[in-house]
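To start, the structure under review is shown below, and the notes come after it.
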Number of protein chains: 2
Amino acid sequence: MSPYDPSAFPPFAVTVDLVVLTVRRHALCALVVRRGEQPFQGRWALPGGFVRGDEDLGAAAARELAEETGLCAHDPAAPGVDNGAHLEQLATYGDPQRDPRMRVVSVAHLVLAPDLPAPRAGGDANSARWAPVDELLESADQASAGLAFDHARILADGVERARSKIEYSSLATAFCPPEFTVGELRRVYEAVWGVALDPRNFHRKVTGTPGFLVPAGGTTTRQGGRPAQLFRAGGATLLNPPMLRPEV
Amino acid sequence: MSPYDPSAFPPFAVTVDLVVLTVRRHALCALVVRRGEQPFQGRWALPGGFVRGDEDLGAAAARELAEETGLCAHDPAAPGVDNGAHLEQLATYGDPQRDPRMRVVSVAHLVLAPDLPAPRAGGDANSARWAPVDELLESADQASAGLAFDHARILADGVERARSKIEYSSLATAFCPPEFTVGELRRVYEAVWGVALDPRNFHRKVTGTPGFLVPAGGTTTRQGGRPAQLFRAGGATLLNPPMLRPEV
DNA sequence: ATCATAGTCGTCTGCCTGACGATAAACAGA
DNA sequence: TCTGTTTATCGTCAGGCAGACGACTATGAT
């Protein structure tokens, strides 16, 4: 067997970009970093970087995530300890013009994380911050104010994926700490979907779906009001029947 | 602005692989081509090829599809005439070991096509054929009998995407000719899901979902029995509420 | 004429959901 | 201590949809 003739195909650079979402102060937020170099110097962008020569795509995404946030991602496709965020592949973007310097194909990944520490800037970024996605996507309309490259499009795709995926999977728990209350979970849905949900119907629904939640045994009053039972995420990953997003 | 230093990142080859699905004789089938060269010479594989230097990923997939089948794909992401099959990006596979010759990242695409012509072999393939996906995925378990590379995994992912996507979208109509009957559409669902559906409830459901089907005006008896009304796909792409796949 | 096949319309029942009312258990401030 | 506020949790009720299935219709085949 002979190796490929390197002149038979054009060389590409392959990167991973991360859409890291969390819920902070009742708003869906994404992690963005400020670009330290051209092009788009000084503009905000999604974190990301080159895939190494001997590295799988998911591993590259997990490495970038750890470098930027310290989070230990848990890719459901690969076995491992679930002591961190949810990570999954989102989509791949390869428009020939998407990077003015050369041909770059970017494999975007989606990360859902609980509201944890302040982000730490790392690598080639001057700084990093959590920004509400509404804000990031609004400014995308104004020329030269939005995210660098095609990152607004990638972010929009990631947000849409998250919005639809918490409908039919138990993934909303990835936004919560290990132990959480029904009310905290409801506020996650409300922030991601941008709607208000009836607390009574929501409570009936999630506690009645087998495998979604398992009681953790304690109670908490960290949200004020009457003490609420603590739950952990159950084993079920697919919700049947799904949570229903209210009509527009 | 300076170009990247080419030594700063490893070079990749980028390919597209196609999971082309259709329904033939009550079975979900995929298009496979026989490999004419090493590695995996003589084994069946998904059609695919290198992405050109100035070509977008979706365009590369559409080009490969046309070369292999003559089908004119319609990518919903790009405007164009819908005179052919449905095409969408599936996922990207980049395990460093997936091709023994060099580092290849493959952006897999999913195509849903009506049962049309016999496949035409093209390019570097000795031949091409439609094979039932059950058959292809069963033989994947036996060593050195399944598809080349990681194509069994890619096919499985594509089939799973199709199975879940016809639940909440009108995509099942992509398996049908431009005009079709409710019974033909039901047989598509039955073949893709591998279950039997109640004809009466199915009829009530699809004709009662606004925007799913629009009457085409005629009838046909090509399936035997009483003449059936002909329909065309309606404008709706998302079904709300969705079609429900029966429990296991 | 009879049968087999496929399509279409209805009925009934159970379950789920949305829209509430009502109660419980904490804390804050008067 | 009492009262109001906040949040959690349980219950009730009506409407809608899905599964199960009966009934009838319109073709072609024997």
Side-chain angles (χ1 to χ4, degrees), chain A residues 25-26 166-168 176 179-191 193 195-232 236 238-248, chain B residues 25-26 166-168 176 179-191 193 195-232 236 238-248:
Chain A
R25 280 180 268 113
H26 290 207
I166 64 173
E167 278 191 80
Y168 58 90
C176 295
E179 298 197 345
F180 54 89
T181 70
V182 173
E184 290 165 347
L185 184 62
R186 175 171 48 83
R187 279 180 277 274
V188 164
Y189 275 92
E190 291 178 331
W193 285 344
V195 298
L197 299 175
D198 185 286
R200 297 155 292 190
N201 293 334
F202 184 87
H203 188 276
R204 177 184 59 192
K205 172 75 178 173
V206 296
T207 56
T209 300
F212 193 4
L213 301 182
V214 295
T219 61
T220 182
T221 62
R222 61 184 172 222
Q223 299 289 341
R226 169 176 163 180
Q229 274 192 280
L230 285 169
F231 292 89
R232 247 188 289 275
L238 256 49
L239 303 183
N240 208 327
M243 300 287 307
L244 290 186
R245 175 161 28 166
E247 337 279 304
V248 200
Chain B
R25 281 181 265 113
H26 290 208
I166 64 173
E167 279 191 79
Y168 57 89
C176 295
E179 298 197 345
F180 53 89
T181 70
V182 172
E184 289 165 346
L185 184 62
R186 175 171 47 83
R187 278 180 279 276
V188 164
Y189 275 91
E190 292 178 331
W193 285 344
V195 298
L197 299 174
D198 185 288
R200 296 156 291 189
N201 293 335
F202 183 86
H203 188 278
R204 177 183 58 192
K205 174 71 178 172
V206 296
T207 56
T209 301
F212 194 5
L213 302 181
V214 295
T219 62
T220 182
T221 62
R222 62 186 172 219
Q223 300 286 343
R226 169 177 164 180
Q229 274 192 282
L230 284 170
F231 291 90
R232 248 187 288 275
L238 256 49
L239 303 183
N240 209 325
M243 299 288 306
L244 290 186
R245 177 161 27 168
E247 337 281 303
V248 197

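All values derive from a computational prediction rather than experimental measurement. Chain letters run A, B, ... following the sequence lines, proteins first and then strands; every chain starts at 1.
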Legend entry - Side-chain heavy-atom pair T209(A), K205(A) within 4.5 angstrom cut-off: yes
Inset, instruction - Would you indicate whether the side-chain heavy atoms of V195(A) and L197(A) approach each other to under 4.5 Å? - result: yes
Inset, instruction - Specify the residues of residues 219-232 of chain A, ordered by number, for which at least one heavy atom lies under 4.0 angstrom from an atom of DNA chain C. - result: G225(A), R226(A), P227(A)
Inset, instruction - Give me the first and last nucleotide of DNA chain D, going 5' to 3', that has any atom under 4.0 Å from a heavy atom of chain A. - result: dT6(D) to dT12(D)
Inset, instruction - Please state how far atom CG in L239(A) lies from atom P in dT17(C), giving the value in whole angstrom units. - result: 11 Å
Inset, instruction - Calculate, to the nearest 0.5 Å, the distance between atoms OG1 and CZ belonging to T220(A) and F180(A) respectively. - result: 13.0 Å
Legend entry - Considering all heavy atoms, the nearest V206(B)-M243(B) contact: CG1-SD, 4.1 Å
Inset, instruction - Look up atom CD1 in I166(A) and atom CH2 in W193(A), then write down how far apart they are to the nearest 0.5 Å. - result: 5.0 Å
Legend entry - Where L230(A) and R222(A) come nearest, the two heavy atoms and their spacing: CD2-NH2, 3.8 Å
Legend entry - Between CZ on residue F202(A) and CG on residue L185(A), distance to nearest 0.5 Å: 4.0 Å
Inset, instruction - Measure from CG on L185(B) to P on dA6(C) and round the result to the nearest Å. - result: 17 Å
Inset, instruction - Mind checking the CG-CG spacing from L244(A) to N240(B)? Nearest 0.5 Å is all I need. - result: 7.5 Å
Inset, instruction - Kindly indicate, with the supporting measurements, whether the criterion side chain to side chain contact (heavy atoms under 4.5 Å, CB included) is fulfilled by H26(A) and E190(A). - result: CA-CA 8 Å; H26(A) 290 207; E190(A) 291 178 331; 5.9 Å; no
Legend entry - Interface residues of residues 196-206 of chain A with DNA chain C (non-hydrogen, below 4.0 angstrom): D198(A), R200(A), N201(A), R204(A), K205(A)
Legend entry - Separation of dC16(C) C1' from N240(A) CG (nearest whole Å): 12 Å
Legend entry - Minimum heavy-atom distance between D198(B) and N201(B), given as atom pair plus value: OD1-N, 3.0 Å
